[in-house]
Amino acid sequence: MELKNYIKNLIETALIKTNVPADIYHIVEEPKNPEFGDLSSNVAMVLSKNLKKAPKEIAEELIKALDLDDKIIEQVTIAGQGFINFKFSRKIYPLLLKEVIEEKESYGKNNSGKGKRVNVEYVSVNPTGLLHLGHGRNACIGDTIANLFSWNGWDVTREYYFNNAGNQMKNLALSIFARYKQLLGDKDFPFPEDGYHGEYIKTIANDLLEKYNSKFQNGSDDDLNFIRKFGENWCFEKINSTLERLNIKQDVFFNEDSLYHNGKIDKLIADLKKLDLVYEKDGALWLSLSKMGLKDDRVIVKSSGEPTYRLPDIAYHRDKFERGFDLLIDIFGADHIATIPDVLAALKYLGYDSSKVRVLIHQFVTLTENGEQVKMSKRTGKSYTLDDLLDEVGEDVVRFFLIMRGISTHLEFDLGLAREQSEKNPVFYLQYAHARICSVLDLAEERGIYLDWNPDLTILENNYEIELIKKILKFKETVWISCDKCEPQILADYLRELANAFHVFYHECRIIGVEDKLQDARLHLALAAKTTLQNGLSILGINAPERM
RNA sequence: GCGCCAGUAGCUCAGUUGGAUAGAGCAUCAGCCUUCUAAGCUGAGGGUCACAGGUUCGAAUCCUGUCUGGCGUACCA
């Protein structure tokens, strides 16, 4: 039972009874100050304007109309400017806790997305280099959001979109070729102006040399094509191994090139022409964004005959629509922001419901240590890659740090803090709570204490116990909100609060060695806390260690 | 110039579509281990919510303007 929904329904039923339209927007929330009660409603204040009555007066009438079950609600009071505060009977919490224990590893799941399909597109890095911190943020956000949708009952497709055809890939081939020639002794062989300068290009060239010797030194078209493919495979292998370390596995790898081969690009152009949304000018094909309410028209096919990225982007999203998803989520870095309004506008004019596309823009990541920005890895002397970071602090810390801030804010990754294997590190705080519980449960088992299949949890009634129970019960709602808002950070924050509630309970309440019935009830409470922590951590893709 | 994001404690950040006394972690200071993991717990100090107006019962939150930082603003992706 969801307590918030219960109260909300109670109020709405009362509103109908008193002939007030029940569709008014009102909030049921936990008051900051626990003295005010367990849940609080602002409905009287919201209504006061429409009804032209004092909030307190409305609240009084409403309370009379509430159908109260005194087994559930102990007290209803009016306070402040007109808040209606509800206090639950302490007896209901243990009953709800029982449900948590019974649901085990599925506690927290709900069916709000049942029958609906969502496509989450993330990472989507072209195979021209290694993953960096920004990609890591993208990957961790995307994977966590995909997990959240899954927990909310959605059928989730995790997708990676890439382009292995365009200019960038030519550039990759030319960059590798130049390094290759240099390795072959032609020290002054010119490096392409817009080439990829990373050290990894030299590594690829070196691998190429070791494997094929001087076979490609002429640099013919065939040679360059081979080198391009070699480079692509090399990069993908690295990208995949990094993602694997983060335990990220995607379902669909969508190749942009397929849109050209299966005619979807041509069809898109034809359809846009039919709708009179494109025109030719200076030998190029322009998209009439001004007709769609945007400011400037943009080129979608260059005078050279090559498309710009906008064209396949539109075709790709159209393809996703055609695959029948109810929701399309794109996870982009802040540098990709410019194209979004264009793509959405075009989709809308092509007859698709562009409100089904949800674009999440995350801001950049900066790596700092002792307040100073870190650009190069101390260990390798090269620019800092996601792999370097994983080597240094491990996957749990990386995953947690990259989602622990709101998506839209800049993220400062404090390397010093991340390296700290102590109480300063927020990841360990969560994991420690889990390990602590495991250790208590182990000790119980060692001493031959077995959990009663039908525990009397009503014995749990002190504040520390109740606070922990309330926190555990909040998990389900948190999984929903975090998904609805597409903010993994909400879940991360919640888990810290949950861990804190457990640590306080543990500190104040002896579990093993107290009177049998109480011991059993507290062991069950610890078990419920463990389950909740474990489930929460699994959504974040973080391990829940049994020992630390 | 224009667009998007941000500006909250010394630092890094929360603040649940406007609610009661603005919160947390780190840092600082002071306490708590002969009993289940001290990677823990308790307490203290620390604020002009960038600035100025406006909207109303009520604003960190909404509107307008200004300032500061980041990212964009291609016939690159």
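- Using a 4.0 Å heavy-atom cutoff across all strands shown, A/M404 reaches no nucleic acid atom at all.
- Of the candidate nucleotides B/A20, B/A24, B/C36, B/A24 has the atom nearest to the side chain of A/R496.
- The one candidate from A/F253, A/Y316, A/Y122 that meets the ring pair (Phe, Tyr, Trp, His ring centres under 6.0 Å) condition with A/Y160 is A/F253.
- Of the C1' atoms belonging to B/U8 and B/A24, the separation is 13 Å, rounded to the nearest Å.
- A residue-by-residue look at A/V46 and A/A433 shows that A/V46 has its nearest nucleotide of RNA chain B further toward the 5' end.
- Among the protein residues, A/E477 comes within range of no part of the nucleic acid, since none of its heavy atoms lies under 4.0 Å from any strand.
- Taking atom C1' on both nucleotides, B/A60 is separated from B/A6 by 14 Å, rounded to a whole Å.
- Of the side-chain N and O atoms in A/S408, none sit less than 4.0 angstrom from OP1 or OP2 of B/C5.
- Spacing of C1' atoms, B/G19 relative to B/U56, comes out at 13 Å, to the nearest Å.
- Taking CG of A/L3 as the start and NZ of A/K476 as the end, the distance is 11.5 Å to the nearest 0.5 Å.
- B/G19: Watson-Crick or G-U partner is B/C57, with both key distances under 3.5 Å.
- Using a 4.0 Å heavy-atom criterion, one finds that A/T128 contacts no nucleic acid atom at all.
- One finds a side-chain N or O of A/T409 lying less than 4.0 angstrom from the OP1 or OP2 phosphate oxygen of B/A14.
- Using a 4.0 Å heavy-atom criterion, one finds that A/D484 contacts no nucleic acid atom at all.
- When the C1' atom is used for both B/U16 and B/A22, the distance is 15 Å, rounded to whole Å.
- Going from the C1' atom of B/U21 to that of B/C2 covers 43 Å, rounded to whole Å.
- Residues passing the salt bridge (Lys or Arg N to Asp or Glu O under 4.0 Å) test with A/E256, sequence neighbours excluded: none.
- For A/E30 and B/G19, the CD to P distance is 15 Å, given to the nearest whole Å.
- Residue contacts shown for A/C438 are absent, as no nucleic acid heavy atom lies under 4.0 Å away.
- A/Q519 comes within contact range of no nucleotide atom at all, as no heavy-atom separation falls under 4.0 Å.
- In this structure B/A50 sits in a base pair with B/U66, meeting the Watson-Crick or G-U test at under 3.5 Å.
- For A/F83, the side-chain atoms get nearest to B/A20 when compared with the rest of B/A14, B/C41, B/A20.
- For B/C33, the glycosidic angle deviates from 0 by 90° or less, giving a syn base.
- Put simply, NZ on A/K471 is 11 Å from C1' on B/A24, counting in whole angstrom units.
- If you find the closest nucleotide of RNA chain B to A/P31 and to A/S48, the one lying nearer the 5' end belongs to A/P31.
- Atom NZ of A/K348 has 12 or fewer heavy atoms from other residues, nucleotides or ligands within 6.0 Å.
- Between the CG atom of A/L491 and the C1' atom of B/U16 there is a distance of 14 Å, rounded to whole Å.
- Distance from the side chain of A/V440 is smallest for B/C36 among the nucleotides B/C36, B/U17, B/A6.
- Pair assignment for B/U28 gives B/A44, based on Watson-Crick or G-U wobble hydrogen-bonding distances that are each under 3.5 Å.
- Counting only N and O atoms by type, the side chains of A/D194 and A/N171 include no donor and acceptor under 3.5 Å apart.
- Computed from coordinates, the A/E372 CD to B/U12 P distance equals 14 Å when rounded to whole Å.
- Nucleotide B/C41 holds its P atom 18 Å from the CZ atom of A/R510, rounded to whole Å.
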- Message: Can you build the contact string for nucleotides 69-77 of chain B? Use B for base contact, S for sugar-phosphate-only contact, and - for no protein heavy atom under 4.0 Å.
- Response: -SSSSSBSB
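- Going from the P atom of B/G3 to that of B/C63 covers 15 Å, rounded to whole Å.
- Rounded to an integer number of Å, the gap from NZ of A/K56 to P of B/A20 is 16 Å.
- In this structure, A/E412 reaches the sugar-phosphate backbone alone: every heavy-atom distance under 4.0 Å involves primed, P, OP1 or OP2 atoms, never a base.
- By the 6.0 Å contact criterion, CD on A/E35 is open, its count of non-hydrogen atoms from other residues, nucleotides or ligands being 12 or less.
- The side chain of A/I511 approaches B/C36 more closely than any other nucleotide in the set B/G19, B/C36, B/A38.
- One interatomic measurement links the two molecules: CG of A/L344 to P of B/G3, which rounds to 18 Å at whole-angstrom precision.
- Remark: A/L468 CG to A/L525 CG distance equals 4.5 Å, nearest 0.5 Å.
- For the residue pair A/T128/A/N126, the side-chain donor-acceptor check at 3.5 Å is not satisfied.
- The CZ-P distance, from A/R405 to B/G23, rounds to 19 Å in whole Å.
- Scanning for salt bridge (Lys or Arg N to Asp or Glu O under 4.0 Å) contacts around A/K356 gives an empty result, with sequence neighbours left out.
- Phosphate proximity of B/G40 to A/N500: absent, as no side-chain N or O sits under 4.0 Å from OP1 or OP2.
- Taking the side chain of A/Y432 as heavy atoms from C-beta on, and the options B/A20, B/A39, B/A24, the nearest nucleotide is B/A39.
- Using modelled atom types and a 3.5 Å distance limit, the side chains of A/Y279 and A/D297 yield a donor-acceptor pair.
- B/G40 and B/U35: their C1' atoms are spaced 16 Å apart (whole Å).
- Judged by centroid separation below 5.5 Å and plane tilt below 30°, A/F36 stacks onto the base of B/A20.
- The CG atom of A/N462 sits 8.5 Å away from atom CG of A/L518, with the distance rounded to the nearest 0.5 Å.
- Taking the P atoms as reference points, B/G18 lies 16 Å from B/C57, given to the whole Å.
- Across all strands shown, B/C71 forms a Watson-Crick or G-U wobble pair, both distances under 3.5 Å, with B/G3.
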